[in-house]
Asker: 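Could you have a look at this structure, given as structure tokens, before my questions?
Both ligands and their constituent atoms are indexed starting at 1 by order of listing. The shown structure was predicted, so the numbers you read here are calculated from the model rather than taken from an experiment.
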Amino acid sequence: MGKLALFGGPRTIGDEQHLRSSWPDMGLERALCEYTGAKYCKCVASGTAALVSGLFAAGCGLGDEVLTVAFTWTATVGAVLRVNAVPIFADIDPRTFTMDVEDARRKITPRTKAILPVDFYGHPAPIPELVALADEHGIPVVEDACQAATGEIDGVKLGNLAHFTAFSWSGKPIYSPSGGGAYLTNDRRLFERGLLAGQHPTVIQGLAHDPDVVKYASMGGTGDNLRAVGTDAMQQLLDADVRTNARIRNCDWLTSTTRACGACRATASSRR
Ligand SMILES: Cc1ncc(COP(=O)(O)O)c(C=O)c1O
């Protein structure tokens with residue numbers, strides 16, 4: 001054994017190698033970055049935890065508005081309330097059941113701190129258009145892709161499109177019996193601030209560089225525990241596209257058979 005840090009040996013805490021070996025989520029995080037093309041990923045306790053991390057990272061707090069949709073699972077709105085913000089509902093497009101960009105534009109106010117679209121039934125919301133709208137206002141899109149972890153738009157995987165994206169493993173395209181989820185982003189600042197919503201101090205200390213984040217690291221940010229479970233979702237990630245493509249084929253068949261809404265050609269699976 002080498003010299004202990006106490007006696008002048010190499011420091012292990014705060015070193016990525018240490019984190020890799022100590023936290024089982026690290027392998028899945030790297031795989032998710034590779035799969036989606038996103039730069040940063042953190043596995044967390046659930047999709048809800050990922051949404052809370054995103055809204056916290058966006059700086060949402062008391063009285064701020066988060067523009068979202070009512071046609072969703074309760075956790076979307078629950079996450080907004082969890083950070084003491086106010087949900088403001090934009091209409092949905094009757095064809096895709098996802099956020100209507102023009103109505104979102106109408107409902108943005110100076111108090112809007114984030115746009116939270118939902119990829120409902122696995123169908124991606126119009127993320128590029130919403131990102132453009134959010135950029136006009138200097139706020140992030142925190143995408144609820146909990147039902148759409150394998151989805152993509154024009155060949156770009158979800159996770160690599162919005163400012164911040166939340167995935168869930170509970171009964172979704174990528175599944176773990178113990179649940180869990182992850183957040184993905186290309187924005188280092190959002191990645192680091194998201195850690196403060198509920199990661200263990202050693203994880204924050206190991207991953208964060210921003211002094212504004214590091215100063216709260218030793219107490220674990222908010223003190224919540226949103227730490228990863230469900231890291232066995234890795235197995236599902238390996239053949240996620242095969243299963244998603246089978247679902248798309250089934251959906252196409254159903255659509256052509258029933259002549260139902262053509263918009264249900266989801267790029268990810270439907271829920272549960
Ligand atoms: C649209 C949507 N958002 C968020 C969540 C929350 O995910 P989790 O159950 O992993 O917290 C779900 C889960 O069903 C969902 O369907």
Asker: Test your reading of the structure: does F120 have an N or O sitting under 3.5 Å from an N or O of ligand 1?
Answerer: no
Asker: Would you mind listing which atoms of ligand 1 come within a distance below 4.0 Å of any non-hydrogen atom of A75?
Answerer: 4 (C), 5 (C), 6 (C)
Asker: N/O to N/O below 3.5 Å, does that happen between T72 and ligand 1?
Answerer: no
Asker: I need the atoms of ligand 1 closer than 4.0 Å to a non-hydrogen atom of V118, numbered in the order shown.
Answerer: 1 (C)
Asker: Honestly curious: do F56 and L207 fall in one hydrophobic cluster under the side-chain, below-4.5 Å linking rule?
Answerer: yes
Asker: Verify whether one side chain among T109 and K107 offers a donor that lies under 3.5 Å from an acceptor in the other.
Answerer: no
Asker: Under 4.0 Å from a heavy atom of S170: which atoms of ligand 1 are those, numbered in the order shown and with their elements?
Answerer: 8 (P), 9 (O), 10 (O)
Asker: Should L130 and Y121 be counted in the same cluster of Ile, Leu, Val, Met, Phe, Trp and Tyr side chains packed under 4.5 Å apart?
Answerer: yes
Asker: Considering residues, nucleotides and ligands other than Y216, do more than 12 of their heavy atoms fall under 6.0 Å from its OH?
Answerer: no
Asker: At under 4.0 Å between heavy atoms, which part of S46 makes contact with ligand 1: side chain, backbone, both or neither?
Answerer: both
Asker: Given Y35, which of N160, D241, T150 fulfils the side-chain hydrogen bond (donor to acceptor under 3.5 Å, both in side chains) condition?
Answerer: D241
Asker: Are any of the side-chain nitrogens in R106 or E102 under 4.0 Å away from the carboxylate oxygens of its partner?
Answerer: no
Asker: Going by the atom numbers of ligand 1, which of them fall below 4.0 Å from some non-hydrogen atom of T76?
Answerer: 3 (N)
Asker: For ligand 1, find out whether one of its N or O atoms is nearer than 3.5 Å to an N or O atom of W169.
Answerer: no
Asker: In chain order, what residues pass the ring-ring contact (aromatic ring centres under 6.0 Å, His included) check against F164, with sequence neighbours excluded?
Answerer: Y183
Asker: Closer than 4.0 Å to some heavy atom of K172 - which atoms of ligand 1 meet that?
Answerer: 12 (C), 13 (C), 14 (O), 16 (O)
Asker: To which of A79, C146, A45, S168 does the heavy atom nearest atom 10 (O) of ligand 1 belong?
Answerer: S168
